[in-house]
Amino acid sequence: MSDQKRLFLVDAYALIFRGYYAFIKNPRINSKGEDTSAIMGFMNSLLDVIKRERPDHLAVCFDKGGSADRVEMYEAYKANRDETPEGIKTAIPHICEILKAMHIPIMVKEGYEADDVIGTLSRQAEKEGYKTYMVTPDKDFAQLVTENIFMYRPVFGGGYETWGIPEVQKKFEVTDPMQVIDFLGMMGDASDNIPGLPGVGEKTAKKLLAQYGSMENLLANTHELKGKMKEKIEASKELGMLSKKLATIMLDVPVTFNAKDFELDQPDIPKVTEIFQELEFRQLLSNFEKTFALEATSTETTSNKTEIKSTPKETASAGAGQFSLFGGDISTSKETETVSEFTRNTTETSSHFYQSVASGMATKLFIKNLMAQNSVCFDTETTGLNPITAELVGIAFSWEVGKGFYLPFPEDKNEAQELIELLRPFFESETIEKIGQNLKYDIKVLAKYKVEVKGKLFDTMLAHYLINPDMRHNMDILAETYLNYTPISIEELIGKKGKNQLSMRDVALDKQTEYAVEDADITLQLKEHFEKELGAANTQKLFDDIEVPLLRVLAAMELEGINLNETFLNSLSEQLNSDIKSLETKIYAEAGEEFNIASPKQLGDILFDKLKLVDKPKKTKTGQYATGEDILSYLAKDHDIIQHILDYRGLAKLKSTYVDALPNQVEPSTGRIHTDYMQTVAATGRLSSNNPNLQNIPIRTERGRQVRKAFIPRSEDYMLLAADYSQIELRIIAALSNEETMINAFKNGEDIHASTASKVFNVPLEEVTREQRSNAKTVNFGIIYGVSAFGLSNQTDLSRSESKELIDTYYATYPKLRNYISEQIDFARENGYVQTVLGRRRYLNDINSRNAVVRGAAERNAVNAPIQGSAADIIKLAMINIFKKLSTGNFKTKMLLQVHDELVFDVYKPELEAIKTLVKTEMENAYKLEVPLDVELGVGHDWLEAH
DNA sequence: TGCAATGCATA
DNA sequence: GTATGCATTGCAA
């Protein structure tokens with residue numbers, strides 16, 4: 001190895017942005033509501049570099065105040081950059097503080113970019129005999145590469161690549177790295193707003209460079225070019241030279257490379273520890289400690305450096321002769337400490353003991369051991385994702401971290417049932433707690449084997465939903481976030497989805513075991529993690545009293561499904577088809593040509609380019625003409641074609657999304673539609689429904705409403721009952737704000753929108769016009785969504801100023817409502833979250849954003865989330881109570897659907913009166929507010945009639 | 001084949 | 001102005 005000294009220069013902003021966006025779908029938010037994604041991302045990269053390369057010398061370089069020289073040359077330089085995201089701005093001071101504590105020099109020079117600082121330092125270091133590595137993903141740096149200066153680029157998916165001269169030559173098709181400047185100058189750079197030569201992209205730039213070698217030479221020989229390109233380039237010679245200058249990294253920044261200052265020495269460990277703890281970087285802290293602890297030991301030991309040892313890993317199969325393995329003595333034998341590794345742990349790097357259990361005696365012994373536990377994590381493996389058709393392939397169990405067992409299931413149905421019978425005492429035990437990730441799925445699978453899962457439940461997915469509802473809750477994400485562990489991916493096991501995907505049944509037993517037990521093991525670890533965090537506030541109660549009991553309710557509703565009148569839908573489809581056809585003919589005639597009406601792009605071109613229906617049409621953000629419903633509605637009265645298009649769209653949507661789609665969703669084995677309720681996706685606490693979505697079946701238009709006729713009771717002996725909360729969100733906001741005027745209106749059973757209109761427009765209740773009521777209704781809803789005059793005027797015929805006036809009068813009428821709204825916003829500012837009546841939280845990181853648009857959105861969330869969320873809490877309570885009564889009362893009636901403020905039941909006719917009372921009582925009394933809750937009931941032979 | 005953009009259904 | 005899910009087009013890979 002060369003003993004040449006190595007200097008690493010880190011391009012701070014580039015890594016910070018990269019880190020920030022790596023977490024963009026899943027931002028890291030700590031308990032104080034701070035977005036720490038950028039800090040985390042940057043620190044991960046920095047520690048990674050230190051750990052991998054152990055540089056002798058290291059500095060981190062920042063931009064400051066942009067490049068004065070470049071802006072002087074070209075006003076638009078970097079002008080199109082979006083404003084730096086809030087999460088990055090707030091990260092910078094933290095990062096600087098950490099770097100200081102780590103004794104890593106920060107290099108900045110006012111008026112220069114990090115590129116220039118790095119360029120200058122690397123040249124200076126080169127003269128002093130250093131090898132320099134520029135740590136950055138930014139390709140622009142390639143121009144600086146020499147024999148002694150390299151790029152050290154993080155690559156997607158982890159790891160780094162080093163670019164020396166040969167790599168740059170290959171990447172850019174140049175002979176000398178300096179030509180990268182010409183290359184960038186020619187093709188331009190959208191992100192830096194370097195214009196480049198018009199019409200020249202990457203391909204052409206490479207070609208020209210190969211031919212002419214430099215920008216100057218190209219511009220001097222434009223006579224050799226041909227056609228359009230010749231014209232364009234000759235006309236832009238100045239632009240070309242300017243672009244080249246802008247792309248050139250400066251090498252004469254007034255900074256000095258002082259070797260002594262740049263030496264990497266031991267950080268101030270207590271200080272760094274303190275900062276990391278403050279930011280709640282548990283995993284990062286341990287990485288940090290390992291990174292520097294390792295360095296300490298490796299310098300102390302004189303013996304040859306020991307690389308990280310390979311890890312013990314055991315996948316054993318317990319045959320009948322190995323009973324003792326169940327006795328619990330295994331932990332003493334092979335287990336060693338988890339390896340200290342910076343990178344994520346995986347099944348390859350973590351010590352574990354996963355075992356499959358053979359049939360016969362081994363299984364019996366295993367179950368005996370299982371029954372002796374107080375709390376067990378389990379995970380079912382099946383042949384597919386649909387729990388109604390999926391068959392059990394195996395079940396994994398774990399009750400001790402790092403250890404678990406896998407019980408494979410025979411393919412033969414009778415044998416499988418025999419095996420599950422052995423497990424019945426476990427699943428139906430009231431005393432053994434069951435832990436799982438998305439237990440609703442496992443419960444549904446086991447229900448097919450007539451096994452009920454009883455006893456206390458702990459669902460890690462639900463737990464995390466309450467802890468941080470804005471995140472996603474896949475096990476893989478949770479494992480990576482909280483355990484720094486990457487589980488075996490299902491794709492690794494059964495392949496990408498599509499043609500050649502295997503079934504779990506086709507996977508070798510040892511692989512099944514590794515995968516399945518790993519899931520159970522991880523889930524168990526996550527549980528230990530989350531149960532502590534649930535302690536905060538009312539979260540534990542919400543978990544125990546709402547989400548976990550609801551899981552069983554939802555499982556039952558989903559298994560039950562709902563009956564669908566397919567014959568009816570088929571005839572509806574025919575009708576729609578002929579109507580669509582005739583509209584199509586009319587539209588083509590009016591447009592003078594045939595085109596795809598469903599394509600917004602083509603439609604826009606026809607309407608606005610060809611027919612020129614409007615002087616200056618509105619464009620969407622992608623530059624297309626906007627053809628949304630709101631836009632077209634304005635034009636409808638002037639042009640027949642518009643109304644026809646709107647009708648066409650409506651019918652086409654109806655047909656494809658509902659009338660034709662629903663019959664395909666009927667489950668053959670039950671003949672019914674089984675939706676899947678997602679309990680952990682809506683940040684406010686609502687449920688969502690998919691495959692199919694039964695929460696958006698049409699109702700507003702006459703035509704659409706017909707689809708509801710297709711939802712019918714299970715048989716002649718049943719009727720559908722629909723129970724709706726009337727105005728629940730308005731009642732909640734009235735109650736929470738303690739606005740007496742509104743509360744009294746509800747108490748008196750008034751028509752709330754008319755009542756609001758009467759007060760706001762100052763007319764007697766009987767004289768409220770339809771228009772006044774309608775406007776009052778819009779404002780009432782607007783309040784729930786966090787009104788603005790702008791939004792209101794968009795929704796009504798009112799102008800912006802009329803809207804403002806209406807809102808002002810509204811607030812004057814209901815002063816406490818206004819107070820409540822500002823209280824919510826203040827609360828969010830102070831605490832970083834808002835909460836529902838049951839204490840369900842929603843964190844709002846942007847509430848203090850300096851960006852007014854972003855902040856405004858967070859403020860509307862602060863108003864809406866408690867309202868929408870409280871309504872969700874209340875109906876969840878009602879569902880749990882009703883479900884309980886239906887079971888204990890041995891009713892034949894089943895709860896089938898939930899649509900946010902509505903419940904639908906399949907009612908056994910003899911039970912109708914009892915059920916009506918039961919449902920209304922439970923719903924209206926699910927939660928006590930200052931305002932009475934009101935539930936409207938409807939009964940019918942289909943869902944439409946029930947309304 | 002997968003993804004973003006657009007549009008639209010519900011509460 | 002809040003919260004979702006899904007069909008379609010059209011482009012990228």
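We use all heavy atoms of the structure for the numbers below, so side chains are in, but hydrogens, waters and symmetry mates are not. None of the values given here were measured: they were computed from a predicted structure. Numbers restart at 1 for each chain; the letters A, B, ... are given by sequence-line order, proteins then strands.
Out of B:dG7, C:dG1, C:dG5, the shortest distance to the side chain of A:T627 is found at B:dG7. When distances are taken from the side chain of A:A682 to each of C:dG1, C:dG5, C:dA3, the shortest belongs to C:dA3. Side chain of A:S688, nearest nucleotide from B:dA9, C:dA3, C:dG5: C:dG5. When the nucleotides C:dA3, C:dG1, B:dA9 are ranked by their closest atom to the side chain of A:R686, C:dA3 comes out on top.
We find that CG of A:D660 is positioned 16 Å from P of B:dA9, with the value rounded to whole Å. As a whole-Å value, the separation of A:L654 CG from B:dA9 C1' is 9 Å. Between the CG atom of A:L844 and the P atom of C:dG1 there is a distance of 19 Å, given to the nearest Å. A:N693 places its CG atom 12 Å from the P atom of C:dT4, with the value rounded to the nearest Å. B:dA9 atom P lies 16 Å from atom CZ of A:F711, rounded to whole Å. Put simply, NZ on A:K619 is 16 Å from C1' on B:dA5, counting in whole angstrom units. In this structure, the CD atom of A:Q795 is 8 Å from the P atom of C:dG1, given to the nearest Å. Between A:H900 atom NE2 and B:dA9 atom P there is a gap of 16 Å when expressed in whole angstrom units.
Aromatic ring orientation, A:H947 versus A:W943: tilted (interplanar angle from 30° to 60°).
Within 4.0 Å (heavy atoms only), A:T675 reaches no atom of the nucleic acid at all. Counting non-hydrogen atoms under 4.0 angstrom, A:A683 reaches the backbone sugars and phosphates but no base. Base engagement by A:G786 is indicated by at least one non-hydrogen atom pair under 4.0 Å involving a base atom. When heavy atoms are screened at a 4.0 angstrom cut-off, A:V681 is found touching the sugar-phosphate backbone but no base atom. Across all strands, A:R842 comes closer than 4.0 Å only to sugar-phosphate atoms, never to a base (heavy-atom distances).
At least one donor-acceptor pair closer than 3.5 Å links the side chain of A:D459 to the backbone N or O of A:N438.
Taken residue by residue, residues 696-703 of chain A places heavy atoms nearer than 4.0 Å to DNA chain B at A:N696, A:I697, A:P698, A:I699, A:R700.
Cation-pi check for A:K618 over A:Y625 is not met; the charged atom does not lie both under 6.0 angstrom from the ring centroid and within 45 degrees of its normal.
Between A:D873 and A:K876, none of the side-chain N atoms (NZ, or NE/NH1/NH2) sits under 4.0 Å from a carboxylate O, so this pair counts as no salt bridge. Salt bridge annotation for A:K804-A:D808: present, with a cationic side-chain nitrogen under 4.0 angstrom from a carboxylate oxygen. Look at A:D942 and A:K709 and you find no salt bridge, because none of the NZ, NE, NH1 or NH2 atoms lies under 4.0 Å from a carboxylate O. Remark: A:R672 engages A:D906 in a salt bridge, criterion side-chain N to carboxylate O under 4.0 Å.
Residues A:Q706 and A:L576 have side chains not in contact (no heavy-atom distance under 4.5 Å, counting atoms from C-beta outward).
No more than 12 heavy atoms of other residues, nucleotides or ligands lie within 6.0 Å of CG in A:D797, so this atom counts as exposed by the packing criterion.
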Handout entry: Summary of protein contacts for nucleotides 8-13 of chain C, nucleotide by nucleotide, where a base hit scores B, a sugar-phosphate-only hit scores S (4.0 Å, heavy atoms)
Key = SSSS--
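At a cut-off of 3.5 angstrom, counting only N and O atoms as typed in the model, there is a donor on one side and an acceptor on the other between the side-chain of A:Q868 and the base of C:dT2.
If you check the side chains of A:N775 and A:T796, you find no donor sitting under 3.5 Å from an acceptor.
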